[in-house]
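Inspection log for the structure reproduced underneath, given as structure tokens.
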Amino acid sequence: MSGDRENTTGSAWRGTTRSRRATSSSCTYDRVRITTAPARSGGTMEAIVERVLTQAMERLQAAGKVPAELRLPVVIERPKREEFGDFGCALPLALAKATRRNPVECGKELMAAIQAPEGLFEAVTFAPPGYLNFKVAPAAWFQRMKDVTTIPADGAGERVLLEFVSANPTGPLHVGHGRGAVLGDALARVMRAAGYAVETEYYVNDVGNQMAMMGLSLHCRGREVLGLSDGSDFPEKGYRGQYVRDVAAEFVATPAGKAACEQPYESIGARDDNACTHFAEERLLGVIQATLKAGGIHFDRWYVERTLHASGALAATVQRLLDQGHAYRDEAGAILFRMEGKADEDDRVMVRASGVPTYFAADIAYHDDKARRGFTRLINIWGADHHGYIPRMKASLEALGHDPACLQVLLVQMVTLTRGGEAVPMGKRSGEFVTLQEVLEEVGQDAVRFLFLLRRADAQFEFDLDLAKSQSMDNPVYYVQYGHARVASILRKAAGLGIAVPGWTDGMQDVLTLPEEMSLVKDLARFAGVVTSAARRCEPHHVAFYLMDLVKDFHGYYTRNKHTEKVISDDTVKTAARLFLVSRVQSVLAEGLALLGVSAPEEMRLTADDEPA
RNA sequence: GCGCCCGUGGCUCAAUGGAUAGAGCAUCGGACUUCGGAUCCGACGGUUGGGGGUUCGAGUCCCUCCGGGCGCGCCA
């Protein structure tokens, strides 16, 4: 288990000094985006408000009322209290602080400098001690309904390589891998929706001691099958899972496998490169791939470590570091990478005194290769137990002439499994663990994915198998999916009556007057911003929480009004407008669920008694 | 010992340094002859682990202590 680096979020760099720069530069980036593409059709309401305020600031600067060189991040937020309006901004407080003036004066000045497009705001108010609050006119909200599923291409120009799971082919995936897998897959989808060019990659770590131990384990089990061993010579650190016996049985059923097991392990080739390790890799990688497929996890590329050794890329990278003085040979003949005092770390071995390169050396060559392929960002999702590996990875990138900041490691915290309140032991070598495959079969792909995505990655996660299974009907994912199915049902009913779902027309806002309808319109308008924000922050869980919000409002709208203001009524104008609205809800639910890799069913039934015989 | 992550209602979890910390589950009390009752409404429930500090403003940043998890290999 310790050999894998499966698991999420920006926490890896959050605590460093670099993180502050990253935060403020993203604000700058937002301002650039808005000024360079002010007319972007998919711009979010937040972006529009932000632009209005940014321009107000620029106007004050042009008038000499604010220092021209002053740059303040314009942070638009949604106020917690409804009476404050749709958006709020504490810019007057920030301006007051920066200019050492009274926040009330700053607020009044800013308000006077605001030149919003006609009809955008219903009200702009100043609230002590220094907030500007904006209430957007209903008509402006309704204008967003034309394209609620259009996401601004925030990530345009970014080429991202997202590496995740990358578990050794030494056994089936466990639930911890599943968390990283689901996060990575969802993040790829979310970032692609926001315009990033994302490629996903699985690094197949098929070289080294772990693989050698796998081969030896297989060899021993094979000998047991053949009656050549009673198992007493099984290595202490070998892989003890039943799956090894299964693979061994298949192995010795082949002539080559039988022959390999009849000879001493030392005689069949390199310890990590022989008939046993090759067979294990092929079979176990197949198992891993089948599980990932069952979980809906897709990879664009499988990058095999052995190719780095075979091509000479690894040796060349080591030589380059030696030549440039970033590495040296010690008295024993080992080659070490110089940490140069960075992060208080010791120098790290790249090539052992025996001449065999370490995992670290291969990983350096791999990341060098990634960077050379022209990606602007390298995102790795690792299990939290690998956090100590980050400084040396960054240092090695820097030594090779790459910007270490392009590497972003998202750490996923451990998943602890419980069943009936008791911890389930996990450990690949002991063989006692619940596989991801089993959990997927027991709980279902949609529920597993949604559960994983319904929390931040940098918090530990207690996954109670009994709870996940027994409460499956109360599972949030079904609540969201049910909303989608419910709209589908309404649309089917309309279709049965010969009523088509219309496109948007301006008259619709005059009949969508229920408070719940206005709430839904605002919810829908928020979708694009949620997606771009989730992509920027590498936190797909925001999408899951948004969907919960949206569907809650929809269920409330439906239930509260189902006897008085039905979607489908005798009023053809209202019917058309409401069909449009609920169809938009359905689209956003479908789109949002797709971003998480969760299905959006047209119908859901508890019982099968109405199924055709 | 050193380093990283986490600590938020009974439980599981949210919350860009902003305004009176929010959901779900559970509990209790209600609604509706269903375009799908897998729904909805309400109530109860908090000194955000403790203590200092920075700030106009801290769940969020800094220090310290406590508690939980994980690292600190010529393993991967």
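Below, chain A is the first sequence line, B the second, and so on; all start at residue 1.
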Taking atom C1' of B:rA76 as reference, at what distance in whole Å does atom CZ of A:Arg392 sit? 11 Å
Side chain of A:Arg456 only, please: which of B:rA14, B:rC35, B:rC41 is the nearest? B:rA14
Do A:Leu183 and A:Pro540 come close enough that some side-chain heavy atom pair is under 4.5 Å? yes
B:rU47 - base-pair partner by Watson-Crick or wobble geometry, distances under 3.5 Å: none
A:Gln460 side chain, from C-beta outward: closest of B:rG69, B:rA76, B:rG36: B:rG69
Please determine if a side-chain N or O atom of A:Lys80 lies less than 4.0 Å away from the OP1 or OP2 oxygen of B:rA19. yes
Taking only N and O in the side chain of A:Tyr479, is any of them less than 4.0 Å away from OP1 or OP2 of B:rC40? yes
Describe the nucleic acid contact of A:Ala96 in one word from base, sugar-phosphate, nothing, applying a heavy-atom distance below 4.0 Å. nothing
Taking any heavy-atom pair under 4.0 Å as a contact, classify A:Asn133: base, sugar-phosphate, or nothing. base
At 4.0 Å (heavy atoms only), tell me whether A:Lys552 reaches a base, stays on the sugar-phosphate, or touches nothing. sugar-phosphate
Using OP1 and OP2 only, check whether a side-chain N or O of A:Arg560 sits under 4.0 Å from B:rC41. yes
Assign A:Leu336 to base, sugar-phosphate, or nothing according to its heavy-atom contacts below 4.0 angstrom with the strands shown. nothing
Between B:rC35, B:rC74, B:rC4, which nucleotide has the shortest distance from any of its atoms to the side chain of A:Val349? B:rC74
What nucleotide among B:rC74, B:rG18, B:rA76 has an atom nearest to a side-chain atom of A:His386? B:rA76
Whole Å only: how far is the CD atom of A:Glu305 from the P atom of B:rA76? 8 Å
Choosing from B:rA19, B:rA76, B:rC70, which nucleotide comes nearest the side chain of A:Gln210? B:rA76
Rounded to the Å, how far apart are A:Phe463 CZ and B:rG69 C1'? 19 Å
Report the nucleotide, chosen from B:rC75, B:rU39, B:rA19, that has the shortest atom-to-atom distance to any side-chain atom of A:Asn209. B:rC75
Of the nucleotides B:rU39, B:rC56, B:rA19, which one has an atom closest to the side chain of A:Ala127? B:rA19
Does A:Phe452 have its ring centroid less than 6.0 Å away from the ring centroid of A:Phe463? yes
When all nucleic acid strands are considered with a 4.0 Å heavy-atom cut-off, which category describes A:Asp330: base, sugar-phosphate, or nothing? base
Have a look at A:Phe360 and say if it touches a base, only the backbone sugar-phosphate, or nothing, with a 4.0 Å heavy-atom cut-off. nothing
Heavy atoms under 4.0 Å, any strand shown: does A:Tyr546 hit a base, just sugar-phosphate, or nothing? nothing
Categorize A:Glu603 for me: base, sugar-phosphate, or nothing, with a 4.0 angstrom heavy-atom threshold over every strand shown. base
Compare the aromatic ring of A:Tyr131 with the six-membered base ring of B:rA19 and state whether they stack according to the 5.5 Å and 30° rule. yes
Are any of A:Thr559's side-chain N or O atoms less than 4.0 Å away from OP1 or OP2 of B:rU39? no
Presence of A:His541 side-chain N/O under 4.0 Å of B:rA14 phosphate oxygens OP1/OP2: no
How close or far is atom P of B:rC13 from atom CG of A:Leu453, stated in whole angstroms? 14 Å
Interatomic distance, CZ@A:Arg271 vs CG@A:Leu216, rounded to 0.5 Å, equals 6.5 Å
Residue A:Tyr482, side-chain heavy atoms: nucleotide from B:rC35, B:rG71, B:rA38 that is nearest: B:rA38
Could you please name the option among B:rC13, B:rC5, B:rC70 that lies closest to any side-chain atom of A:Asp458? B:rC5
Watson-Crick or G-U wobble partner of B:rC25, both distances under 3.5 Å: B:rG10
Of the listed nucleotides B:rC40, B:rG68, B:rA76, the one nearest the side chain of A:His555: B:rC40
Hey, does A:Val351 reach any base, or is it just sugar-phosphate, or nothing, if we go heavy atoms under 4.0 Å? nothing
For A:Phe84 and A:Tyr131, I'd like to know if the aromatic rings sit close, meaning centre-to-centre distance below 6.0 Å. no
